Amino acid sequence: MGLDDLLNLFVAAILLAGIYTTMSIGMTVIYGVMKMVNLAHAGFMMLGAYFALEMSERLHIDPLVSSVLAVPVFFLLGVATHRSMVRFVPVADEPTLPSLLLLFGLWLVLQNVGYGVWGADDRSIFSALTMATFQFKGIVVPVIRLIVFGIALLSLVALHLFLHHTWFGRSVRALTQNREAGQLAGIDTGRTAMLTFGLGIAFTGLAGALLANLYSFTPEFGSSFMLRSFVITVLGGLESFSGVAIGAVIVALIETFSILVVPASYQHAISFILLVVALLVLPGGIEGLLQRWRRLG
Amino acid sequence: MSVRPLLEVEDLEVAYGDVQVIWGISFTVAPGEIVTLIGPNGAGKTTTLRTISGLLSPKAGKIRFRGEDLSGRPAHEVVRRGVIQIPEGRKLWPRMTVEENLLLGAFAPRARDMAHEQLDRVYALFPLLKGRRRQLAGTMSGGEQQMCAIGRGLMSEPELLMFDEPSLGLAPLLVDELFAKITGIAKQNVTILLVEQKVAHTLEIADRGYILETGRTVLSGTGKELRESEYVQRSYLGT
Ligand SMILES: Nc1ncnc2c1ncn2[C@@H]1O[C@H](COP(=O)(O)OP(=O)(O)O)[C@@H](O)[C@H]1O
Ligand SMILES: [Mg+2]
């Protein structure tokens, strides 16, 4: 194992962290504003993957282009889901049983729809870029991963600008940090929740379509990524949008480097172990830990 | 009084689930007045303000602002009409900067266009906040946070500003400064409904007041009348 190999693994981990952040942020914004854990996250990611597939097979649109097109399409899908179902769940300051049951049920329904429409076969999308690689001083990177990383990064920059410089973005952060203060400032919580659900699902659909460029998928697609999203969100401190990026880097690094010591068949267990560890020892996420250190120091 | 009150609360009753805590209170606030609600812990002062703001729905009774019935309306509609509350415990957004907290105070559509002019006015009133504009609100002291909360409340040019125990947790020196700021704000044509436990201080600046006990109004009068009332002196002023 030379230095080059370690460097290669490191680059692979950072590229993975980009898509992991985009994939988890949708869950985080929804949790922040509505205090609901989106258990249907995997279902929307799966729909994102099949969206890219359909666009590619029917309209010959490149899956990378489709992933960008997924943003408005899934925004509308999220808004429609909120209007038709989620808004009837009573508002609460923490996840409630009705919200968990509703979204879990929705996930099962989406999976069934997936089986009905696309069958159980493993599907994947090939494009001209699938096999291309890019080399730089001994580091070998698949071109597709680089582009997926770039799109993920752009989406995050756009989200950051949006959250900090628009009235709606600021209201999302306000409701996340103190809901009642937001109401007293005149924020319409119902409308904001609806648009936030749309925003969260837009990012989830984008992530699903981007992942379809990298992996094959079935209607079960997304469940292992949903588990990772949980871990990343918890590591990020549940409500912190910058914490999500830190959480994603940690999960991606651990996963990538664990190849060196953990047999591949145990890979799935890693996210789960991380989740348990994070819940037990890091209740405030990484940022909470840093704050505690600062206070001690 | 011939002037139509700005705010009229009439036979208000409020319950948390099955537990009723407000039993038919009534009071009015006329334009330009400072009116205070005084009462011991648990009397229902916060509940009353939260109901006016639309965070709670009344079980019975009316809340009228400029003659329009607001009872049961959602909070953002109440805010849109210029009825602003500075809540108990400040409730700032801790991971936003001071300036972001202030700007969001102008979230209501009618205030947005004026947000930056209004920001300058708030900084003129609280120069300290200007120096701290980029600091995260959650890292400031209690007194600084209270100033920020008041500044945020002023950002939408309120017609009626409701304070819920603004002096809570402040050092004595800051309490004097706070009351001076409140009278200063009142002089700029903002009507004020003030909930406080610092009774002596409050009755000095209040035009009128109401004493609330276990969800009922037990006494009302001008600031002077209440200060001189034997009941208030015995129960609230400790003389
Ligand atoms: N969220 C709540 N749920 C149930 N009871 C509450 C709640 N908030 C306040 N109360 C009760 O309502 C009564 C009035 O409380 P509050 O309005 O906070 O009084 P004050 O502000 O005058 O101290 C108290 O008996 C209190 O215990
Ligand atoms: Mg109170």
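These figures come from a predicted structure and were not determined experimentally.
Heavy atoms of other residues, nucleotides or ligands lying less than 6.0 angstrom from CZ of B:Arg133 number more than 12. More than 12 heavy atoms of other residues, nucleotides or ligands lie within 6.0 Å of NE2 in A:His165, so this atom counts as buried by the packing criterion. For A:Phe10, the CZ atom counts as loosely surrounded, since its 6.0 Å shell holds 12 or fewer non-hydrogen atoms of other residues, nucleotides or ligands. In the displayed structure, A:Arg191 atom CZ is contacted under 6.0 Å by at most 12 heavy atoms of other residues, nucleotides or ligands. Atom CZ of A:Phe168 has more than 12 heavy atoms from other residues, nucleotides or ligands within 6.0 Å. Environment of CG in B:Asp120: crowded, with over 12 heavy atoms of neighbouring residues, nucleotides or ligands closer than 6.0 Å. At most 12 heavy atoms of other shown residues, nucleotides or ligands fall within 6.0 angstrom of atom NZ in B:Lys59.
Ranked by heavy-atom pairs under 4.5 Å with chain B, the first of A:Ser171, A:Gly190, A:Ala174, A:Ala185 is A:Ala174. Most heavy-atom pairs under 4.5 Å with chain A: of the set B:Glu77, B:Gln85, B:Arg112, this distinction falls to B:Arg112.
Residue B:Arg90: no heavy atom, backbone or side chain, is found under 4.5 Å from chain A. Looking at B:Ile86, neither its backbone nor its side chain comes within 4.5 Å of chain A, counting heavy atoms on both sides.
The backbone N or O of A:Gln177 sits nowhere less than 3.5 Å from a side-chain atom of B:Trp93 that would complete a donor-acceptor pair.
Heavy-atom minimum distance, B:Ala75 versus A:Gln183: CB-O, 3.7 Å. Across every non-hydrogen atom of B:His76 and A:Gly186, the tightest pair is CB-O, 3.2 Å.
For the atom pair A:Leu175 CG and B:Leu104 CG, the distance stands at 9.0 Å (nearest 0.5 Å). Note that OG of A:Ser242 and CZ of B:Arg95 are 8.5 Å apart. Values are rounded to the nearest 0.5 Å. In this structure, A:Glu180 CD and B:Leu55 CG are separated by 5.0 Å, a value rounded to the nearest 0.5 Å.
Contact of the A:His164 side chain with the B:Glu100 side chain is registered, since non-hydrogen atoms from C-beta on lie closer than 4.5 Å. Side-chain atoms of B:Pro74 and A:Asp188, non-hydrogen and from C-beta on, never get closer than 4.5 Å to each other.
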Which side-chain N or O atoms in residues 271-278 of chain A pair as donor and acceptor under 3.5 Å with protein atoms at least two apart or in another chain?
none

